[in-house]
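Below, chain A is the first sequence line, B the second, and so on; all start at residue 1.
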Amino acid sequence: MPIALIDGNNFYVSCERVFNPKLEGRPVVVLSNNDGCAVARSNEVKALGVKMGTPWFQMQDLARQHGITALSSNYALYADMSNRMMSVLSQYSPDQEIYSIDECFLGLDGFENYDLVIHAQAMRSQVRRWVGIPVCVGIAETKTLSKLANHCAKKSLAGADGVCDLTRLSETERSRLLATIEVGEVWGIGPRLSKQLADRGIHSVEALRRADPKTIRREFSVVVERTVLELNAIPCLSIENVASAKQQIMSSRSLGNYVYDLAPLKEAVATYVAIAAEKLRAQGSVAGMIQVYIRTNPHKEDCPQYSKGLTIPLPEPSGDTLYLTRAALWGLRRIYRPGFAYQKAGIVLMNLSDATNKQASLFCTHRENDRLMEVIDRANAIWGRGTLRSAATGVSKSWVMKREKMSPQYTTHWEQLPVAI
DNA sequence: CTATAACTCTCAA
DNA sequence: CTAACGTTGAGAGTTATAG
């Protein structure tokens, strides 16, 4: 019955601090791809009022004033740290759902005879000691409540010391606590729903919990109804131990600089196809359609805007990078218009199906380069993405994203380890 | 008219 | 010096379209 939600504190910042302890106690932000927006903030930065998603260029003055350290995101490092953290946490329950890079649910059925708070404190200290990452733990009867409990743990509400176990609270204590939390903190209640709920006088979590599920369903949706039930300790969401295969795989990025010509766009699109196709094969799927899109910078309203995508059905589902690249570039040539400053390009693999029982086309003549793909994937797994790649991905790469403030890939690249002299 | 496809909106980390 | 604003995935609900 009880569920724990373990979440890394300011995860990306914490990862950086493990390898650069000088950042401890100082204001630090980690920026999104292309060094665009803040996607992780240390407590010191949050205290300065910097919101999630603030563009880096808008906080430069503040950064200078307070000596904020900004870092490009280093996903190789974060993914590796995440794996370590998840592996430690997996020791605490046979029932683990890895929900995102920095959080997981643990089902605690069968732990009724344990003191769950002690169990949770043990997780915290072991992750801290073995991985170096500080985490908080929320415990409650449902996923939605455990997310909320985690929020309480992070904010040190209800006397929490990194762990908040809502099941220990009496009904009145619980009501009183939930009445102090804004409804927008609830998992699944975003800005839009918060406003609509507020219009109906529902401002606090407690108010939403007390709402009539049927009315909520009528006025909102099944999703919100489920949320209400979950807030009432009625589980509607189960722990998914095994991640199901993705239904679509997307690869898109902002370009490092504005791009005007078709040639660099082709390189970028070919590169994105290679990334997505690698993930596709890793989950044993083939794609039935591929979508390609390009667009100018929507934030520059005074510049001529253009945004176009094209979905290309494939005669036969494929996992072949070269075949998928040809299809994507065919589409790109059709949507490309000269005279625009392109800022972003992307591709989506869709209509995914199992590679093992692939539906072959009667008329399709192309042959899958299965063996070639296997070799490419293995080489790139050993020596890094892009070691073996198609010529279509280009050499000069004038379009690659900016990552000017990146820390070394301490855990995955020997040559990037600082050498003590 | 129904079933499905395509598209839009919302949310999350 | 200036200009500079993320990525990926899911699900529900709505609208368009085919038969």
When all nucleic acid strands are considered with a 4.0 Å heavy-atom cut-off, which category describes A/Gln291: base, sugar-phosphate, or nothing?
-> nothing
Go through C/dA4, C/dG9, C/dG13 for me and flag the one nearest to the A/Val222 side chain.
-> C/dG13
Rounded distance in Å - CG (A/Leu237) to P (C/dA12) | 11 Å
Under 4.0 angstrom, heavy atoms only, what part of the nucleic acid is A/Val348 near: base, sugar-phosphate, or nothing?
-> nothing
Mind calculating the distance between CD (A/Gln248) and P (C/dT8) to the nearest angstrom?
-> 11 Å
Sugar-phosphate, base or nothing in reach of A/Tyr99, heavy atoms under 4.0 Å = sugar-phosphate
Could you tell me the separation between the CG atom of A/Asp7 and the P atom of B/dA12, rounded to a whole number of Å?
-> 14 Å
B/dC7 P sits how many Å from A/Leu310 CG, rounded?
-> 11 Å
Find the distance between CG (A/Leu71) and OG (A/Ser407) and round it off to the nearest 0.5 Å.
-> 6.0 Å
Return yes if some donor-acceptor pair links the side-chain N/O of A/Thr271 with the main-chain N/O of A/Glu267 below 3.5 Å, else return no.
-> yes
Please tell me which of the listed nucleotides, C/dG9, B/dA13, C/dC5, lies nearest to the side chain of A/Glu103?
-> B/dA13
Would you say A/Gln247 reaches C/dG11's phosphate, i.e. side-chain N/O to OP1/OP2 under 4.0 Å?
-> yes
Report which part of the nucleic acid A/Gln58 touches: base, sugar-phosphate, or nothing (heavy-atom distance under 4.0 Å, all strands).
-> base
How close or far is atom P of C/dT7 from atom CE of A/Met401, stated in whole angstroms?
-> 8 Å
Can you check side-chain hydrogen bond (donor to acceptor under 3.5 Å, both in side chains) on A/Asn10 and A/Ser42, steps first, answer last?
-> CA-CA 6 Å; A/Asn10 317 328; A/Ser42 70; over 6 Å; no
Phosphate OP1/OP2 of C/dA12: any A/Ser221 side-chain N/O under 4.0 Å = no
Mind checking A/Tyr258 for me? I need base, sugar-phosphate or nothing, with any heavy atom below 4.0 Å counting as a touch.
-> sugar-phosphate
Hey, is the side chain of A/Lys300 poking within less than 4.0 Å of OP1 or OP2 on C/dA4, counting only N and O atoms?
-> yes
Nearest 0.5 Å please: distance from the SG atom of A/Cys104 over to the CG atom of A/Leu5.
-> 7.5 Å
Assign A/Thr54 to base, sugar-phosphate, or nothing according to its heavy-atom contacts below 4.0 angstrom with the strands shown.
-> nothing
Look at all strands and tell whether A/Ile101 reaches a base, only sugar-phosphate, or nothing, counting heavy atoms closer than 4.0 Å.
-> nothing
Tell me whether the guanidinium CZ or amine NZ of A/Arg326 lies under 6.0 angstrom from the six-membered ring centre of A/Trp330 and within 45° of its axis.
-> no
Determine the contact category for A/Asn297: base if any of its heavy atoms lies under 4.0 Å from a base atom, sugar-phosphate if only primed atoms, P, OP1 or OP2 are that close, otherwise nothing.
-> sugar-phosphate
Is A/Arg226 near enough to B/dC11 that one of its side-chain N or O atoms lies under 4.0 angstrom from OP1 or OP2?
-> no
Should C/dT2 form a Watson-Crick or G-U wobble pair with both distances under 3.5 Å, which nucleotide is its partner?
-> none
Calculate the interatomic distance between A/Met406 atom CE and C/dG6 atom C1'; express it in whole Å.
-> 16 Å
With rounding to whole Å, what would you report as the distance between C/dG6 and B/dA12 at their C1' atoms?
-> 14 Å
Would you indicate what A/Pro298 reaches in the nucleic acid, counting non-hydrogen atoms under 4.0 angstrom: base, sugar-phosphate, or nothing?
-> nothing
Specify the residue among A/Lys402 and A/Ser254 whose closest nucleotide of DNA chain C lies further upstream toward the 5′ end.
-> A/Lys402
Side chain of A/Met250 (C-beta onward), nearest among C/dT8, C/dA10, C/dG6 = C/dT8
Hey, does the side chain of A/Gln343 come within less than 4.0 Å of C/dA4's phosphate (OP1/OP2), counting only N and O?
-> no
Please report the C-alpha distance between A/Tyr258 and A/Phe340 in whole Å, then the side-chain angles of each, then the deciding distance to 0.1 Å, and finally whether the side-chain contact (heavy atoms from CB on, under 4.5 Å) criterion is met.
-> CA-CA 9 Å; A/Tyr258 290 117; A/Phe340 291 100; over 6 Å; no
Residue closer to the 5' end of DNA chain C, A/Asp35 versus A/Arg217 (nearest nucleotide) = A/Asp35
With a non-hydrogen cut-off below 4.0 angstrom, is A/Trp56 in contact with a base, only sugar-phosphate, or nothing?
-> nothing
Please work out if A/Leu31 contacts a base, only the sugar-phosphate, or nothing of the nucleic acid, heavy-atom cut-off 4.0 Å.
-> nothing
Using whole Å, report how far CG of A/Asp61 lies from C1' of C/dA4.
-> 14 Å
Residue matched to B/dC9 through Watson-Crick or wobble contacts both under 3.5 angstrom | C/dG11
C/dT7 phosphate, OP1 or OP2: any side-chain N/O from A/Lys344 under 4.0 angstrom?
-> yes
Hey, is the main chain of A/Leu31 close enough, under 3.5 Å, to the side chain of A/Asp35 for a donor-acceptor pair?
-> no
Has A/Lys147 got a side-chain N or O lying under 4.0 Å from the OP1 or OP2 atom of B/dA13?
-> yes
Nearest-0.5 Å distance, NE2 of residue A/His203 to CD of residue A/Glu182 = 9.5 Å
OP1 or OP2 of B/dA6 sitting under 4.0 Å from any side-chain N/O of A/Thr311?
-> no
Whole Å only: how far is the CE atom of A/Met85 from the C1' atom of B/dA13?
-> 12 Å
